[in-house]
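Have a look at the structure below before the remarks.
Source: prediction; values computed, not measured. Positions are given from 1, in the same order as the sequence printed here. Read the numbers this way: they start at 1 and go in the same order the structure lists the ligands and their atoms.
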Amino acid sequence: MVKKVDEIRKKFKDEFNKISSLKELEDLRIRYLGKKGEITNLLKKIKEVAPEDRKAFGQAVNTLKVEIQNLIKEAREKLEKKEKSRKFDLTLPGKPLIAGKKHPLIKVMEELVEIAVGLGFEIVDGPEIEWEYYNFEALNIPEYHPSRDMWSTLFITDKMLLRTHTSPVQIRTMENRKPPLKVFHPGRVYRKDPFDASHAPAFFQAEGLYVDKNVSFADLKATLEMFTRELFGPQTRIRFLPSYFPFTEPSTEVLVNWGEGWLEILGAGMVHPKVFEAVGYDPEEWTGYAFGLGPDRIAMIKYGIDDIRLFYENDLRFIKEL
Ligand code: FA5
C-alpha cells in the first residue's frame, strides 16, 4: 500500500509540472485534496491495510498530503505574482485609441477667427440671450420691422429673446468703448426658421465691426474679398449684391459660387448714422463698416455639402468623412 502512495506522488508530480495557470492549479488541488480527491481516497483505503502497517501507511499519506499542500501553495504564489505583473506590463503594445475629430462647423469658426486676427480684428464676446433693445432697437430695427415677427424671433419674455443675429455685439462693444475699434465676434444665433437644406433654427454667425475716421466702402469690399479668398482660395468667384439692413447704409450681401448657382454667405454695409447715435458716437466724426458671416453656409461650400441639416444630425460617419 505504501507503494500506492508513491504512485500517487509520481502522478501528482507529472501533472503538477504541466500547470501554467491559477485555474489549472485549482483544478489540480481539487483532484488531489478535495473531498473526492486522491488523498481522501487513499485514507479511505486504510481499512484494507494490515493493522501492523496502518501507522506507516497513515504517515506516508499525511506526508504526501503536506507535500502536495506546500507545492500548491508555493505554485499559487508564483502564478499570482506572474498574472499580476502581466496586468501591468508596460512593454505590451497599447490598444489603439479612437481619436475624435473636430466638427466641420467648429473648424470653420476657428478658421474665421484666425483670418480675422490676421486682419487686425480683436475677438470680443456677447450673450446669446439678449435684450430686445440690443437685438433690434439700437440697431435701428423699429417695432414694425418684419424681422421682429413672432415667426423669426424666439422671445423669452416681452423684452428678452434668443438673439437672431450677432449684430447686438456691435452695440454692446461701442457702448463700452471709445472709437477707433476693430472687433470680431463668433457665436450662435437662433431663429424660428424652418429646418430646410440651407436654413437651421440655431446656427452660427460671426460679426465684424470697424469704426474709425474715413472708413470707406472700398475698405469693406477689400476686407470681405480677403476673407473669402482666405476661406475658399484665390480663384473663388464672389458676387456683391445691393441689399438692405436697417443698421447699415449702403448695404450689400455676398454670394459665393456654389455648384450651378450662388449661395449667400454674409450681409454687410456701412454703419448707419442712427446706430452711431444710439451708442453716443458722433456720426459726423466717425465712419465704419460691419459684416455678419454665415459659417454654416461657408462650411457647406467648403466641404461640398448640399444640406445644412447634415451638420446637426450627429452622424459620426458624416463627421469622419470630412
Ligand atoms: C444678418 O443677420 C445681419 N445681422 C448681417 C449683417 C451684419 C449685416 C452686419 C450688416 C452688417 P442675415 O439675416 O442675412 O443678416 O444673415 C447673415 C448670414 O447668416 C446669411 O448670409 C447666411 O449666411 C446666414 N444665415 C441666415 N439665416 C440662416 C439660417 N437659418 N441657417 C443658416 N445660416 C443662416
Side-chain angles (χ1 to χ4, degrees), residues 104-105 108-109 112 116 121 124 126 128 130 134-136 138-141 145-149 151-154 161-174 182-211 215 217 219-221 223-224 227-228 231-232 238-256 258 262-272 274-276 287-302 305-312:
L105 292 176
V108 167
M109 290 295 271
L112 291 174
F121 287 89
V124 294
E128 288 179 16
E130 190 51 280
Y134 289 103
N135 197 83
F136 294 126
L139 287 163
N140 192 32
I141 306 175
H145 195 275
S147 61
R148 285 193 177 211
D149 196 293
W151 297 107
S152 319
T153 306
L154 295 153
L161 43 87
L162 293 177
R163 65 179 182 185
T164 60
H165 54 176
T166 43
S167 299
V169 175
Q170 290 185 32
I171 306 297
R172 286 181 174 273
T173 309
M174 288 191 280
K182 196 173 182 184
V183 293
F184 190 79
H185 167 66
R188 296 199 94 179
V189 302
Y190 305 85
R191 285 183 200 177
K192 229 173 158 187
D193 275 350
F195 215 167
D196 64 24
S198 57
H199 293 85
F203 56 101
F204 289 98
Q205 274 196 352
E207 192 85 8
L209 170 70
Y210 175 42
V211 181
V215 179
F217 198 88
D219 296 322
L220 170 63
K221 202 164 173 243
T223 304
L224 295 177
F227 246 104
T228 41
L231 277 170
F232 305 112
I238 58 171
R239 251 185 194 175
F240 284 82
L241 284 190
S243 186
Y244 170 76
F245 297 101
F247 39 97
T248 48
E249 179 62 32
S251 304
T252 181
E253 54 195 45
V254 172
L255 288 77
V256 174
W258 185 50
W262 298 85
L263 189 64
E264 180 209 318
I265 61 151
L266 67 90
M270 304 307 290
V271 179
H272 198 288
K274 284 258 172 77
V275 173
F276 281 148
T287 46
Y289 65 66
F291 56 91
L293 297 153
D296 296 63
R297 304 264 180 92
I298 291 167
M300 286 172 77
I301 297 167
K302 267 184 92 84
I305 307 299
D306 58 8
D307 195 323
I308 204 171
R309 287 169 288 201
L310 285 167
F311 291 132
Y312 295 96

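Both the sub-6.0 Å distance and the 45° axial angle are satisfied by Lys221 relative to the ring of Phe240.
Between Glu130 and Arg172 there is a salt bridge, since a side-chain N of the basic residue sits under 4.0 Å from a carboxylate O of the acidic one.
Contacts of Phe227 classified as ring pair (Phe, Tyr, Trp, His ring centres under 6.0 Å), with partners at least two apart in sequence or in another chain: Phe184, Phe291. For Thr287, the side chain to side chain contact (heavy atoms under 4.5 Å, CB included) partners are Val215, not counting sequence neighbours.
Within 4.0 Å of ligand 1, the residues that place a heavy atom are His165, Ser167, Gln170, Arg191, Asp193, Ser198, His199, Ala200, Phe203, Gln205, Glu207, Phe245, Phe247, Thr248, Glu264, Ile265, Leu266, Gly267, Ala268, Ala290, Phe291, Gly292, Gly294, Arg297, Ile308, listed by chain and number.
In the model, Thr164 has no side-chain atom that pairs as donor or acceptor with a side-chain atom of Tyr190 under 3.5 Å.
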Donor-acceptor pairs under 3.5 Å, side chain of residues 195-206 to any protein atom, not counting sequence neighbours: which ones?
unit_1, atom_1, unit_2, atom_2, d
Asp196, OD1, Ser198, N, 3.0
Asp196, OD1, His199, N, 2.7
Asp196, OD1, His199, ND1, 3.0
Asp196, OD2, His199, ND1, 3.4
Gln205, OE1, Thr166, N, 3.0
Gln205, OE1, Thr166, OG1, 3.3

